[in-house]
2 protein chains.
Amino acid sequence: MTQKQIAVLAAEPCCASVLAAPLDEDEAVQLAQGFAALADPVRLRMLSMIAASDEVCSCDLLEPLGKAQPTVSHHTKALADAGLIVGEKRGRWVFWRAVPERIDALRRSLTP
Amino acid sequence: MTQKQIAVLAAEPCCASVLAAPLDEDEAVQLAQGFAALADPVRLRMLSMIAASDEVCSCDLLEPLGKAQPTVSHHTKALADAGLIVGEKRGRWVFWRAVPERIDALRRSLTP
DNA sequence: ACGAGTCATTGACATCCATCGATGTATCGG
DNA sequence: CCGATACATCGATGGATGTCAATGACTCGT
């Protein structure tokens, strides 16, 4: 996990809620970055595939998504920067795993 | 509620889930549009203020957000197009209310 | 050491988007 | 009516973003 990702997680420890109290500026920026990562159909399908399996290799995302390799790499980076997935390089491959805690933090922010 | 908003709701009746099954293209596009509406700090703070009260007038959003009137109008339209808020015009004012069902649909799409 | 496979980065391009001034539309009070 | 208020729309502008070809970096068989 990159320093950037750790910073994001640390800045949003647990419980910023959109629906409960008036959100302050910083909380809004943090949450908006998280939702921005979900605001693309390609990334949503990516996250969907990764979360459905334990581990998914980047090479297994190309064909189902129908996108070029740099595009897939760009989107995995976006999801990783948002802390929603983490990648582990083993040999030639990078295996991606979902980060349920981070996904759950966004989900809880929409909880009444 | 506009025809466009009704169409969105109808196209996503209840249970598209990001984490359960591999998302198909159409579901991904619908969900991405919803999350895109949340992917802006100004709109998140807007939704936060509107959800915290029963009704909020557009004029009461200008000063707390520190944005010009056309900008606020632009964002309320974005949230309304996404079905997250609905507006009712009474006299000179437009009163906005949150749409919990629509917000909840997005929240549930992130539920394991 | 060489070639093939996997992924990241760069650069370029088109598109989308947030923002705001100017203007238009509607409503109310006087 | 007329001026003021609330909101929407238009047009312009600067910045962010999705996409991919080309290239680079790294790993593994042979």
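- Side chain B:Gln69 to base D:dA8: a donor-acceptor pair is found below 3.5 Å.
- Proximity of B:Glu25 to B:Val29: side-chain heavy atoms (C-beta onward) are separated by under 4.5 Å at one or more points.
- For A:Ala68, the side-chain atoms get nearest to D:dA21 when compared with the rest of C:dC20, D:dA21, D:dG18.
- Closest to the side chain of A:Arg92, from the set C:dT6, D:dT5, D:dC7, is C:dT6.
- At least one side-chain heavy atom of A:Leu84 sits less than 4.5 Å from a side-chain heavy atom of A:Ile103.
- Regarding contacts with the backbone of D:dT19, a side-chain N or O of A:Lys67 is found under 4.0 angstrom from either OP1 or OP2.
- For the pair B:Met46 CE and D:dC7 C1', the interatomic distance rounds to 12 Å; values are reported in whole Å.
- In this structure, A:Leu38 places its CG atom 16 Å from C1' of D:dT17, rounding to the nearest Å.
- With distances taken from any side-chain atom of B:Arg43 to the nucleotides D:dG18, D:dA4, C:dA18, the minimum falls on C:dA18.
- Between B:Asp60 and A:Thr71, the residue whose closest nucleotide on DNA chain D is further toward the 5' end is B:Asp60.
- Heavy atoms of B:His75 sit under 4.0 angstrom from primed sugar atoms or phosphate atoms, though from no base atom.
- Among all heavy-atom pairs drawn from B:Val99 and B:Gly83, the shortest one is CB-O, 3.3 Å.
- Comparing A:Lys89 and A:Pro70, the nucleotide of DNA chain C nearest to each residue sits closer to the 5' end for A:Lys89.
- A:Val72 comes within 4.0 angstrom of no nucleic acid atom, judged by non-hydrogen atoms across all strands.
- Formation of a donor-acceptor pair under 3.5 Å by the A:Arg43 side chain with backbone atoms of A:Ala36 is found in this model.
- Looking at the side chain of B:Trp96, the nearest of the listed nucleotides C:dA8, C:dA4, D:dA8 is D:dA8.
- What separates NZ of B:Lys77 from P of C:dC17 is a distance of 12 Å, to the nearest Å.
- Atom pair A:His74:NE2 and C:dA12:P shows a separation of 17 Å (rounding to whole Å applied).
- Atom P of nucleotide C:dC20 and atom CG of B:Leu65 are separated by 11 Å, given to the nearest angstrom.
- C:dT27 atom C1' lies 13 Å from atom CZ of B:Phe95, rounded to whole Å.
- When the side-chain nitrogen and oxygen atoms of B:Ser73 are compared with OP1 and OP2 of D:dC7, none of them lie within a distance under 4.0 Å.
- For the pair B:Leu62 and A:Ala78, nearest-nucleotide mapping onto DNA chain D gives the more 5' position to B:Leu62.
- Nucleotide D:dT17 holds its C1' atom 14 Å from the CG atom of A:Leu79, rounded to whole Å.
- Across every non-hydrogen atom of A:Ser17 and A:Leu23, the tightest pair is O-CD1, 3.2 Å.
- For B:Thr76, taking side-chain heavy atoms from C-beta onward, the closest of the listed nucleotides D:dA22, C:dC7, D:dA8 is D:dA8.
- With C:dT6, D:dC26, D:dA6 as the choices, the nucleotide that has an atom nearest any side-chain atom of A:Trp93 turns out to be C:dT6.
- Considering every non-hydrogen atom in both B:Ala39 and A:Phe35, the closest pair reads CB-C, 4.0 Å.
- Taking atom CG of residue B:Asp40 and atom C1' of nucleotide C:dA18, one finds them 7 Å apart after rounding to whole Å.
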